[in-house]
Amino acid sequence: MFVGVGASRVRDMFEQGKKNAPCIIFIDEIDAVGRSRGAGLGGGNDEREQTLNQLLVEMDGFDTNEGVIIIAATNRPDVLDPALLRPGRFDRQVVVANPDIIGREKILKVHVKKIKMAPDVNLRTIARGTPGFSGADLANLVNEAALLAARKNKRIVTLIEFEEAKDKVMMGSERRSMVMTEEEKTLTAYHEAGHAIVTINESAAYPIHKATIIPRGRALGMVMQLPERDELSQTREQLHAQLAIAMGGRVAEEIIFGEDKVTTGAASDIEQATKRARAMVMKAGLSKELGPVAYGENEEEVFLGRSVAKQQNMSEETARKVDSEIRKIVDKGYERARKILTEKIDDLHKLAKALLTYETLSGDEIENLINKNVYPTDKQGLKVDDEDKGSALSSMGLKPKIVH
């Protein structure tokens, strides 16, 4: 009886529920009061814990609340107090995950009702290119596309606006005001071309959706891949292909410009490759040397305002083996990328030259350029003389083999 304001409000809420029975009481963000007890510094007497205690009493006391159904929502079920999840309380859990491709398409259909669309907009294609998007993300995507169309004084929203909106949401806004030297643009073009050429030649890789050397967010350029469908798991072959693709940019820089001219542009690629290799060894059990065993990582947790390292649950010898296996897996991806780019050096030059001229190429345009030597019909002007003084390639002493 003698507790604070929160507990008093819980009692009042249930009293109102009983008066209006049958009724539903819905509590959003239940983790605000339902967090595990004993984790704070109050010794179990702080206000939040008293509120939770009152909630537990009301939900499962001596008097049954007939006609009162309690529903709660949270995106942090891992921090809830175990007493909240016992039978008689929140004993039924419904997991609402991010929508799959069919769900994303249906959600898009709801949000596009308020805008006028061109006939060329295929919602299934947009849904396929937005894996991991929530309903709110998709609503934001449609809103961004409408804003882009309005800025261009268009009466309808076309596929171009949807593509630009998706790029903006996923990768950040274009930084066209960013001044890059010809040398930097050329190096970026070869870096992204390296990623793209390895992607094309890796059978287990996802198809290329777009390659660009226009800076977005923190990146100077990027190659986007588009899965054919939502992936629930990945094979060892796919993971090794992704490692080779990640190393493609760094390898292209080394082959074309030499080791002394290699830049820090591949830092994020190397970081992602290392994380993927570490997960393969320590979590997925995909290392033949260490076998199907999960190994813990050195993690840090905050306790009383201080960062305390958890004890690593493996021996020093095993830790050395883990580091060795991670290095082997990353080196394997590096060698695969070097082998492909050495064999396909002409394709690398051709694609880098096209990126320098067009800045952005779609997956189909890259495939046609590499496999059929067909340049984009709506992007004329590629035929630049290599000996032109203004050519970025010529200024760096590079003479790629280009078929005009």
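Computation of the quantities below employed the complete heavy-atom set of this structure, encompassing side-chain atoms and omitting hydrogens, waters and symmetry-equivalent molecules.
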Are any non-hydrogen side-chain atoms of [X] and [Y] less than 4.5 angstrom apart?
X: Ile370; Y: Ile197; value: yes
X: Leu239; Y: Ile329; value: no
X: Phe162; Y: Val142; value: yes
X: Ile213; Y: Leu220; value: no
X: Gln225; Y: Ile245; value: yes
X: Ile101; Y: Arg124; value: yes
X: Val79; Y: Thr74; value: no
X: Ile340; Y: Ile200; value: no

Between [atom1] on residue [X] and [atom2] on residue [Y], distance to nearest 0.5 Å:
X: Glu365; Y: Asn368; atom1: CD; atom2: CG; result: 8.0 Å
X: Asn75; Y: Asp31; atom1: CG; atom2: CG; result: 6.5 Å
X: Leu341; Y: Ile255; atom1: CG; atom2: CD1; result: 5.0 Å

Between [X] and [Y], is there a side-chain N and carboxylate O pair less than 4.0 Å apart?
X: Lys152; Y: Glu164; result: yes
X: Lys166; Y: Glu163; result: yes
X: Lys339; Y: Glu343; result: yes
X: Lys275; Y: Glu271; result: yes
X: Asp78; Y: Arg76; result: yes

Exercise. Taking atom types as modelled and ignoring hydrogens, do the side chains of Gln54 and Gln50 form a donor-acceptor contact shorter than 3.5 angstrom?
Worked result: no

For this session: For the residue pair Glu161 and Thr158, confirm or rule out a side-chain donor-acceptor distance under 3.5 Å.
Result: yes

Exercise. How far apart are the closest heavy atoms of Ala352 and Ala193, and which atoms are they?
Worked result: N-CB, 3.9 Å

For this session: Assess whether atom CG of Leu85 is packed by more than 12 heavy atoms of other residues, nucleotides or ligands within 6.0 Å.
Result: yes

Problem set entry | salt bridge (Lys or Arg N to Asp or Glu O under 4.0 Å) partners of residues 233-252, not counting sequence neighbours, each pair once | Arg250-Glu254

For this session: Sort and list the pairs that fulfil side-chain hydrogen bond (donor to acceptor under 3.5 Å, both in side chains) and have at least one residue in residues 258-268, not counting sequence neighbours.
Result: Glu253-Thr263

For this session: Take Leu56 and Arg89 through the test side chain to side chain contact (heavy atoms under 4.5 Å, CB included) and record every step on the way to the result.
Result: CA-CA 8 Å; Leu56 294 173; Arg89 291 176 181 145; 3.8 Å; yes

Exercise. Passes side chain to side chain contact (heavy atoms under 4.5 Å, CB included), Met224 versus Asp167? Steps please.
Worked result: CA-CA 10 Å; Met224 285 182 63; Asp167 291 348; 3.8 Å; yes

